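Here the structure is a predicted model, which is why all the values come from computation and not from measurement. Below, read A as the first sequence line, B as the second, and so on, with proteins coming before strands; counting in each chain starts at 1.
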Amino acid sequence: MNTKLESTDAIEQERTKAFNRRRFLRGVGACVALPALESLLSPLGARAAEMTLSGSPAAGTAGAPVRMAFVTFPNGAHQANWFPSGEGTKYVLGKTMESLEPLRDQLQIISGLDHVNATPGNDGPGDHARASATLLTGQRARKTAGADIHVGMSIDQLAAKHVGHLTRFPSLELTCDVVRKSGNCDSGYSCAYQYNIAWKSATTPMPPEPNPRLVFERLFGGGPADDRASNYRERQATQRSVLDFVREDARALRRQLSQHDDRKLDEYLTSVRDVEQRIEREEKFGDLPELAVAPPAGVPSAFEEHMRLMYDMLLLAFQTDSTRIATLILASDGNNRSYPDLGIPEGHHYLTHHQGDEVKLEKVAKIEQHYMKYFGNFLQRLAEIEDVDGTSMLNNSMIVYSCGNADGNRHTHDNLPVLVAGSAGGRLTTGRYLQVRSQPMCNLFLDMLDRMGVEGVNTFGDSTGWRVV
Amino acid sequence: MRCRVVVHGTPCRGATHEFSGSRSVKRNALIIWPTAYVLALVVCLASWADEPTGAVRFRDHVQPILENYCYGCHGYGASEGGRTFDEFASDEAMLANVDLWHAVLKNVRAGLMPPAGEDAPSDAQRKQIQDWIEADVFDIDPADPDPGRVTLRRLNRVEYRHTIQDLMGIDYNTTEEFPPDDSGYGFDNIADVLTVSPLLLEKYVQAAETIVRRAVPTVSKKPQAQQFSGSALRSEDGSKNGATISFYDETRVTHPFKIKRAGDYRLVAKVRSHGGFFFDPGRCEVTFSIDDRELLRQEYVWAENKSFNHDFDVRLEPGEHRIALHLRPLAERQASDDDERGKEELRFHIDFVRVEGPMDKKDWIAPPNYARFFPGDPPSAPGVEQDAYARYVLARFAGRAFRRPVDEATLDRLAAVAKQHYQLPGTTLEEGVGQAMIAVLASPRFLFRVEEVAPASPDEPFPPIDDFALASRLSYFLWSTMPDDELWELAEQGKLRDELDERVKRMVRDPRSERFVENFVGQWLQARDVGGAGINAIAVLGHQQEWEELLKRVREMRRERRRSDRDNEPDADGEASQRQRSSDSREVRRRFRELASLNDKYNAELWRSMRRETELTFQYVFRQNRSLLELLDSDYTFLNERLAEHYGIDGVEGRRMRRVELPPDSPLGGILTQGAVLVVTSNPTRTSPVKRGLFVLDNILGTPAPPPPGPVPLLEDSATAFTDHEPTLRELLETHRSEPLCFSCHARMDPLGLALENFNALGMWRDTEQGQPIDTSGELITGETFENFAELKRILVNQRRLDFYRCVSEKMLTYALGRGLEYHDEHTIDQLAERLERHEGRIFELLLGIVRSAPFQRARRTDAAVASHDAVETIGAAIREPAR
């Protein structure tokens, strides 16, 4: 019997698969990054979007649907490099964002947004865990190693709750973190806080998917292109009957067990309901989007390839209107990855505690530019894809690129790095550097909810109002 | 006055004690009051006013000690660290402040308070404080301690995988298919943290379906089959095989097979045409034949990845036959102007070829795995017998899957799911039952570990869990999987608690206990993480600067070469200088390759060896029932050639890990000197004494550093104090420690980490750091001094031995229970540590102590649990084989 299932063997397995992944990237997957894909996919994206629009009101008032994504990078941003110089529309991009120059009209860089609930308060150390936990919830994570996890519903999940029914998937949660640290996480916080940014409720995180192949199969079905749709439908039929059974089973079990266990069964039942509703909804959406691309082989060994594949998945999901709401963790806060290919053998987290050391600062700047380069490529592709209203996908999106840590050196959580790309179909002003008076990040989230067409939500997290943007 | 409810005339305290490790309640000065509890109910009712209360006992026995030793900083108006012991609003408030007293308990017990150098209470006085806290603040009844809260625990993805392996006989790769589980308290099996998101539920349903489709046969009989993978088909000279054939190379591959009986056979071939993203005009003709009899001739063209199934009916005579596939190109390979394109050559794949038959039904056999799911002889005709059989099969399967007998109502629903399917025309009984099995694997009763209390327990507040629950606790603790047949049968017979110690020892000797080693050690000592630590060998070995320079030179040289290639200019320099340059560049390239190979040398094999070294060290102690202290200090370790070379030890050859006696003067021995621990506590380019110190505090001594008080100056700030030289880490830390804010933590962590400075970030021995000799001397916060790690090791296994016993007990109990420990577990931990102390640290004592402890054996009673008994009572009929 095989007893070595987990741990570093996973890494070794990945190595042996490296060949396949590289092949995928060079071949089919890479085509996602090629201009050719635009023509390959646009009609599908358009069709999917139209289909939804005809069935039910879109998130916005008219035209193409608005998409919302949150992409997070680790360890804060070096402020001097992050923020532009100048102000308003006459801004000059900082060093970190230099590569985004071609897209400057589609960008909005905002300073002055804070997450006071990520600060130590009475909770002591653990800024990295809090940075992740507070990022999209705006709430203070209860300091616990596990007994009573509690933070708050995240903004993406709130949006999904309101408009998630308009697409096949209410939301999509992605990550490039494959291997997690063992043992204790940050200073007495459960690892659930550190590795999740999307929270369905105060106590239930939405664990993100690290494997691009599985993201693809979930969205579009598995197997060779010809069989995907039928595999997918077949699966759903079985799922429905299984879900019927387990719903009853969970209810019966709840009657039988103690109240301590209620929470777990509630989680289970809520999930059952969610999946059932999703399957029901799917029928309204007609045929599954057909993609002339093969699924990725799995998790690539190179981090950069992994990032790129996850951006690909995000792009495909938006383009086929499979979902309009997504989160992507590039690496969770506190990540200590080294970048030997950039000439950086030291760990990222270690370097961000640079204390003004020029050499370290230089390396931090390189790493931040590196992350930005891949984000920029993603935006560029969104910008090149024509949406149903004739403008670009990027134009109709709100892509937030941020981190719950502001300055990685000092672990601050005020004046967070916030970059919003896309104008939500003209509903947001772009091409500017917006300096607002210190206020909660959650105010921005309220604005975004509004642009998603969500009505009646006037407070979120520690919000004090809205109209930041 | 607190008094337990007493029923059936039994005194509440001291009544049941069979599962707690020790009856001996050592309470010297305080011995009177537990005894008073035991006396009788009368005490509670009649004379409660006379019984000393917790507050009275505090004033009599505890306060005088605190006044003497603690009030200097935590009383008389002083409140160091925000702690004061003489300003409680009321007696109730004092007794209710569990957190404060828990902190006192930990600090006093570990000898952290009063601080080294101050007057300290005697051991007896410490014990007095400890006893008072446990009995009066924590309200722990040593005879019947609170077993704690049990949350419905989901299988984590490791447990799920093993459980599926044992239940279904197939491997489902959950590491790839399921997202990583969240962890808490240092482990990934913590019930409260294991949540179920919609995504995970979706994956569970899909996994259930995939697993059943793969594992459970859908027919009772089918023709025999021999299947060959594409790679089994080989060309005559053996150089090519059928797994991948280029569209452009004429290839013939064959494979021989034998059959015993003459008859009609079916040949099934699954093949694929696979090109890259770009269209490729290549074409080929493929001939498929048997014994030179052509069965198919077909042309294939570009497709991105398209499968074809071909089947042929053939009549075969007994003896050897040969299948053959012949591919002939029909188009020339086109010159590619694009590298990417050239690599994605059009290929033909044989996935498999299968020979099925004879097709005559009388020769059919049961599919593999059939009896595992469908025992006996299933009735072939629809009707009550078939229904009864389906019900029997499902009761048996669901019982094992749920790890307890299935109740009638659930079984009714399962049988209904099955029947709904198998009564459809063209559907087999097996398919219907398979459908119900999918439901079983997606059920919360499979995914969660449902526990019940023992039926025979009267209204105890903390009744024992039933045998089925105990069987699961044991098997998931020691094997990370469901109970095996033996445990299951013992639970059915209600005999699991007989000879429990022997049972546990047997489980330890079973190979499946390696999973415990892997999962427990992998997380406790973080051995799992060694492969992902990202240590940069070039930097650690001191070549970073040279490497960067070489990198620059190599890039320049490449640019130079490209330029001269492009310009194609005759070299203006003389031939001699050109020769000189090329010899320089040869040297640069040689050195570049040499350094680059360093990163390849420190590769997965080394990390795996390191992980195995730590696992095997633990496993050796574990299987041989040796002392836990050997984990800290031993004269042996586990090595293979690669790791031995890494440590500079001669005479170990080959890849196999084996036990190696260390030379008497070796600095090695014990997990803290092993690569795995040293690597995971390092930064990518250098050691981290702080991380290492924290690791020892957290995982060996069990005295976590107190949280830093708000924003603290960073270590690197201290560098500004040095103007004349680059400070060593020790100097940096010393300067940092001189800040009062930093002292409290770093005085605990740093000496422990600095003692390990002779081991670099790769776990290799070194005598100097940045050209300066390494100073490993230090003093623990508890006062012991040492010159080097060898001496520190001796302190750990002698003076700090009890701390280590407690720490391992806490870690293992956390893992065993799947929950964080709470104040009411203190007594259990005391007992485990004492038990280890009495038995020279033998690990079985800890295991047995855990298995017999109240938290492992019992549960808090809830009304729902009582009610559920009645339901359980009615179970059982279903599991018996139906009358046929």
Open item on the list: Within the 4.5 Å heavy-atom criterion, are A:Lys264 and B:Arg153 side-chain neighbours or not?
Closed with: no

Task: Side chain / backbone / both / neither for A:Pro207 at chain B, heavy atoms under 4.5 Å - done: both

Task: Toward chain B, the part of A:Arg337 with a non-hydrogen atom under 4.5 Å - done: neither

- [ ] Identify which part of B:Ala208 has an atom lying under 4.5 Å from any heavy atom of chain A, answering side chain, backbone, both or neither.
- [x] neither

Task: Atom pair SG (A:Cys191) and OH (B:Tyr185), whose distance is rounded to the nearest 0.5 Å - done: 12.0 Å

Task: Atom group of A:Asn122 that falls short of 4.5 Å from chain B, counting heavy atoms - done: neither

Task: Side-chain donor-acceptor contact under 3.5 Å, A:Gln256 with B:Glu452 - done: yes

TODO: Under 4.5 Å heavy-atom distance to chain B, tell me which part of A:Ile149 shows up: side chain, backbone, both or neither.
DONE: side chain

Open item on the list: Does any part of the side chain of A:Leu214, heavy atoms only, come nearer than 4.5 Å to the side chain of B:Phe178, both counted from C-beta?
Closed with: no

Open item on the list: Taking side chain as everything from C-beta outward and backbone as N, CA, C, O, which of these in B:Phe448 sits under 4.5 Å from a heavy atom of chain A? Side chain, backbone, both or neither.
Closed with: side chain

Open item on the list: Between B:Pro180 and A:Arg180, is there a side-chain heavy-atom distance shorter than 4.5 Å?
Closed with: yes

Open item on the list: List the residues meeting side-chain hydrogen bond (donor to acceptor under 3.5 Å, both in side chains) with B:Thr481, not counting sequence neighbours, and say none if there are none.
Closed with: B:Asp166

- [ ] Pick one of side chain, backbone, both or neither for A:Asn336, based on which atoms fall under 4.5 Å of a heavy atom in chain B.
- [x] both

TODO: Using a 4.5 Å cut-off on heavy atoms from C-beta on, say whether the side chain of A:Phe245 contacts that of B:Leu414.
DONE: yes

Open item on the list: Tell me every residue that passes side-chain hydrogen bond (donor to acceptor under 3.5 Å, both in side chains) with B:Ser443, counting only those two or more places apart in sequence or in another chain.
Closed with: A:Asp249

Open item on the list: Does any backbone or side-chain atom of A:Arg273 lie under 4.5 Å from a heavy atom of chain B? Answer side chain, backbone, both or neither.
Closed with: neither

Task: Close side-chain approach of A:Glu173 and B:Ser197, heavy atoms under 4.5 Å - done: no

Task: Interatomic spacing from CG in B:Leu201 to OH in A:Tyr268 - rounded to 0.5 Å - done: 5.5 Å

Task: Heavy-atom donor-acceptor pair, A:Tyr350 side chain to B:Thr685 backbone, under 3.5 Å - done: no

Task: Engaged part of B:Glu177 at the chain A interface, taking heavy atoms whose separation is under 4.5 Å - done: both

Task: Part of A:Thr203 lying under 4.5 Å from any heavy atom of chain B - done: backbone

Task: Part of A:Pro208 lying under 4.5 Å from any heavy atom of chain B - done: backbone

Task: Which portion of A:Ser241 sits near chain B, non-hydrogen atoms under 4.5 angstrom - done: side chain

Task: N-O pairing of A:Arg218 and B:Glu202 below 4.0 Å - done: yes

Task: Portion of B:Arg819 that has a non-hydrogen atom of chain A nearer than 4.5 angstrom - done: neither

Task: Interchain contact, B:Glu822 with chain A, by part (heavy-atom threshold 4.5 Å) - done: neither

Open item on the list: Using heavy-atom distances under 4.5 Å, tell me whether B:Asn536 contacts chain A through its side chain, its backbone, both, or neither.
Closed with: side chain

TODO: Compare all side-chain heavy atoms of B:Pro444 with those of A:Leu265 and state whether any distance is below 4.5 angstrom.
DONE: yes

Task: Residue B:Val680 versus chain A: region with a heavy atom under 4.5 Å - done: neither

Task: salt_bridge(B:Arg686, A:Glu346) N-O dist < 4.0 Å - done: no

- [ ] Let me know if B:Ser480 has heavy atoms under 4.5 Å from chain A in its side chain, its backbone, both or neither.
- [x] neither

TODO: Determine whether A:Pro345 and B:Pro684 make a side-chain contact, defined as any pair of heavy atoms from C-beta on separated by less than 4.5 Å.
DONE: no

Task: Region of A:Leu243 that comes under 4.5 Å of a non-hydrogen atom in chain B - done: side chain

Task: B:Ala442, part contacting chain A, at a heavy-atom distance under 4.5 Å - done: both

Open item on the list: Tell me whether A:Glu267 contacts the main-chain N or O of B:Thr195 through its side chain, where contact means a donor paired with an acceptor under 3.5 Å.
Closed with: no

Task: Straight-line distance of A:Asp148 CG to B:Arg149 CZ, nearest 0.5 Å - done: 7.5 Å

TODO: Measure B:Asn699 against the heavy atoms of chain A and call it side chain, backbone, both or neither at under 4.5 Å.
DONE: neither

Open item on the list: Taking side chain as everything from C-beta outward and backbone as N, CA, C, O, which of these in B:Leu447 sits under 4.5 Å from a heavy atom of chain A? Side chain, backbone, both or neither.
Closed with: side chain

